[in-house]
Amino acid sequence: MKIANKTVSATRLVKDALAKAKEFSDYNIFTFLNEDGALKKAAEIDEKIARGEDAGRLAGVPYVLKDNFLSPEGDTTASAHILEGMASPITATAVEKLEREGAIMIGRANLDAFAHGSSTENSYYGPTLNAYDKNRVAGGSSGGSAVAVALDIVEFATGTDTGGSIRQPASFNGIYGFKPTYGTISRYGVVAMSSSLDCIGFFTKTPEDMDLLMSVTSGQDPKDLTTLPDYYDSSEVKKVKKIGVIKDFDNDVVDAEIREALVKKLDILRGRGYEIVELDMPILKYALAAYYIIQPAEVASNLSRYDGIRYGFRSNNSAGLDELYNNTRNEGFMAENKRRVMIGNFVLSSGFYDAYFLKAAKTRTLIVEEYNKAFEKCDFILTPVSPNPAFRLGEKVNDPVAMYLEDLMSVPLNLAGIPGLAIPAGFNKDGVALGLQLVGPRRSDKSLIEFSKELI
Ligand code: GLN
């Protein structure tokens with residue numbers, strides 16, 4: 001992203017990106033195109049550069065914003081009907097940091113409504129299509145962001161990852177997708193899904209770009225008390241010797257060609273002198289069950305604020321206040337949003353709290369401990385991102401449990417708060433992209449990104 005070299009203007013880059021966005025309109029990537037705003041910013045940056053001023057580390061770089069980040073440009077809908085017409089009163093800290101360095105948002109990207117899903121088929125605006133096969137899903141929830149980068153419309157896009165929403169669409173579209181350590185990037189100004197799991201991250205084509213974006217956006221934010229003290233830029237790149245593979249994941253659940261891709265990468269690493277360590281992590285098979293209790297519980301709480309009074313859409317023709325709340329929520333949420341609110345309220349209800357929520361919380365602690373033990377035996381772990389590559393549109397959307405199973409290998413990281421980088425791993429015989437993920441201990445983000453260069 002070396003833009004400020006004066007060989008190409010910001011205006012040229014933005015115009016090209018907007019033209020490509022239109023050329024690929026059948027992929028349904030965008031919920032909003034920021035044409036006037038982006039061109040205006042580009043002109044400002046070109047003037048700055050002409051005056052010889054420092055225009056920032058991302059000067060003139062067009063990017064795409066997942067439509068659950070608040071910023072003044074365009075409504076923030078989270079691809080949910082209930083937020084339609086929701087002008088952002090504030091700007092997300094991550095957006096502020098990107099723009100301070102000269103990045104230019106050319107559009108807002110489609111997602112599963114409120115980031116609930118693994119295919120973007122739960123979006124109010126319909127699904128985004130896979131970059132390599134239009135009959136297949138983009139993955140989700142950050143499907144629009146992933147496809148925008150995979151089709152070279154922009155060099156990077158933002159995402160959020162609560163249970164895999166960056167890593168899975170990245171792997172479905174053959175690019176890099178990073179979920180940092182919990183608390184590394186401020187979530188201020190991002191629509192909350194499940195607050196103990198949500199992370200901000202990026203889609204890029206290279207590890208170098210990922211590193212730059214992490215450097216720009218990470219750091220403590222007084223507006224988000226869950227952010228960690230700054231560590232990213234100052235962390236030492238560690239000397240990696242041992243790579244772990246999880247025995248329990250290398251089984252029948254995983255598609256044969258993904259397993260082959262994993263074996264190939266392990267062979268490369270062995271050839272370069274790394275030791276491969278087999279890990280027994282039986283507790284991980286309970287991560288999905290724990291996730292689908294903790295996450296809906298937090299969703300039920302976070303989504304209770306959408307009442308038709310304060311945000312976006314309001315249902316007309318309601319007789320009284322209660323009916324207005326009911327009708328707004330009924331008409332405004334997608335089926336998947338409602339399913340999660342119901343599950344969440346159920347697992348938190350007094351008769352079931354101990355049986356479900358408390359058990360899930362205890363399981364979460366065991367998962368954290370299991371990873372701690374694993375990282376005593378190895379530096380990083382290499383696993384699949386999801387059990388299968390991009391599936392066909394419509395294949396799973398009417399079967400919520402099949403859709404939830406997509407998240408089997410991505411959610412353990414969110415429960416443990418540890419970083420995961422989805423890396424491209426070639427294509428299967430049908431030309432569908434394959435991905436793997438590198439997993440590290442808390443705060444190993446910089447080393448993880450650096451190490452991924454070994455696997456290109
Ligand atoms: N697919 C997962 C879910 O539906 C993860 C979503 C996310 O990370 N936002 O919960």
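Owing to the predicted nature of the structure, the values given are computational and were not obtained by experimental measurement. Throughout, residue positions are numbered sequentially from 1 according to the sequence presented. When a ligand or atom number is given, it counts from 1 through the structure's own listing order.
- Ligand 1 places these atoms under 4.0 Å from at least one heavy atom of Q295: 10 (O).
- The residue M403 has no part lying near ligand 1, judged by heavy-atom distances below 4.0 Å.
- For the pair H116 and ligand 1, the shortest N or O to N or O distance does not fall below 3.5 Å.
- Under the 3.5 Å distance criterion, the side-chain polar atoms of E331 are left unmatched by any main-chain donor or acceptor of S315.
- Under a cutoff of 6.0 Å and an axis angle of 45°, K205 and Y176 do not form a cation-pi pair.
- Heavy-atom contacts of G163 reach the following atoms of ligand 1: 5 (C), 7 (C), 8 (O) (cutoff under 4.0 Å).
- Salt bridge status for E298 with R340: absent, with no side-chain N to carboxylate O gap under 4.0 Å.
- Judged by the 6.0 Å distance and 45° axis criteria, K359 is not positioned over the aromatic ring of Y353.
- When ring centroids are compared, F346 and F352 come within the 6.0 Å threshold.
- Assignment of Y292 to the shell around ligand 1 is supported, since a heavy atom sits closer than 4.0 Å.
- Taking distance alone, with nitrogen or oxygen atoms compared against 3.5 Å, T162 approaches ligand 1 more closely than that limit.
- Listed by number with element, the atoms of ligand 1 under 4.0 angstrom from any heavy atom of D161 are 8 (O).
- N68 places no side-chain N or O within 3.5 Å of a backbone atom of V191 that could act as its donor or acceptor partner.
- A distance of 6.0 Å or more separates the ring centres of F172 and Y132.
- Taking atom 2 (C) of ligand 1 as the reference point, the nearest protein heavy-atom neighbour is D407 OD2, 3.1 Å.
- Nearest to atom 4 (O) of ligand 1 by heavy atom, out of E336, Q168, R340, is R340.
- Two rings, from F114 and Y306, have their centers less than 6.0 Å apart.
- Annotation: G117 places an N or O atom under 3.5 Å from an N or O atom of ligand 1; distance criterion only.
- If you check which protein heavy atom lies closest to atom 10 (O) of ligand 1, you get Y291 OH, 2.6 Å.
- Looking at D161 and N414, their side chains do bring a donor and an acceptor atom within 3.5 Å of each other.
- Annotation for ligand 1: atoms under 4.0 Å from non-hydrogen atoms of M193 are 9 (N), 10 (O).
- Neither the backbone nor the side chain of Y404 has any atom closer than 4.0 Å to an atom of ligand 1 (non-hydrogen atoms only).
- The pair K20-E23 fails the salt-bridge criterion, with no side-chain N (NZ, NE, NH1 or NH2) lying under 4.0 Å from an Asp/Glu carboxylate O.
- Protein heavy atom closest to atom 1 (N) of ligand 1, with residue, atom name and distance, is S118 OG, 2.8 Å.
- The proximity of E406 to ligand 1, defined as any non-hydrogen pair under 4.0 Å, does not occur for either the backbone or the side chain.
- If you look at S141 next to ligand 1, the close heavy atoms, those under 4.0 Å, all belong to the side chain.
- Ring-centre distance between F202 and F178: not below the 6.0 Å cut-off.
- If you number the atoms of ligand 1 from 1 as listed, the ones under 4.0 Å from a heavy atom of G164 come out as 8 (O).
- Distances from atom 9 (N) of ligand 1 to the heavy atoms of S165, S142, S119, P169 show the closest one on S165.
- Not a single N or O atom of K66, backbone or side chain, sits closer than 3.5 Å to an N or O atom of ligand 1.
- Taking 4.0 Å as the cut-off between side-chain N and carboxylate O, E369 and R364 do not count as a salt-bridged pair.
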